[in-house]
Amino acid sequence: MIGRLNHVAVAVPDLSAAVALYRDSLGAMVSEPQDHPDHGVTVAFVELPNTKIELMSPLGAMSPIQGFLDRNPSGGMHHLCYEVEDIIRARDRMREAGARILGSEEPRIGAHGKPVLFLHPKDFNGCLIELEQV
Ligand code: CO
């Protein structure tokens, strides 16, 4: 069911420092940071030949990644995003398999303008999973 690894998301306490690290030290192409107030994050993408790294920092007081950064002050791997062809079929299949879907269980438009769902990390070996319809 799952296809390509769309991106790996890394939560970072200081987005400009993280952008500089990937751009200047690692020599990667990094997109301009973009604010996503509806998701409570500011995001920049590291473009790699085979996938992307999503660098995320909190935006606003109610950011959903603030708790993660409180537990991991220097940042850390936050989620893996796998591509699926049909997000509703993917959701129903995961529901039948007993996986917990976060939130209302209805797909939301994610930070890349595509429908996404998140699956509980306790059901996936400690990894928060994002499914994105492409
Ligand atoms: Co993501």
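Residue numbers count from 1 along this sequence. Ligands are counted one by one from 1 in listed order, and the atoms in each one are counted from 1 as well.
For the pairing with His7, the side chain to side chain donor-acceptor pair (under 3.5 Å) check across Glu130, Lys52, Glu132 returns one residue only, Glu130.
By the criterion of side-chain heavy atoms lying less than 4.5 angstrom apart, applied directly or through intervening Ile, Leu, Val, Met, Phe, Trp or Tyr residues, Leu48 is not grouped with Phe45; the two fall into different hydrophobic clusters.
The Co ion (ligand 1) is the vertex of the angle joining NE2 of His7 and NE2 of His79, which measures 110° to the nearest 10°.
In this model, a donor atom of one side chain and an acceptor atom of the other lie less than 3.5 Å apart for His79 and Glu54.
Glu54 contributes OE1 as its N, O or S atom closest to the Co ion (ligand 1). No other N/O/S atom of Glu130 lies as close to the Co ion (ligand 1) as OE1 does.
Side-chain contact check for Leu119 versus Ile101: some heavy-atom pair is nearer than 4.5 Å.
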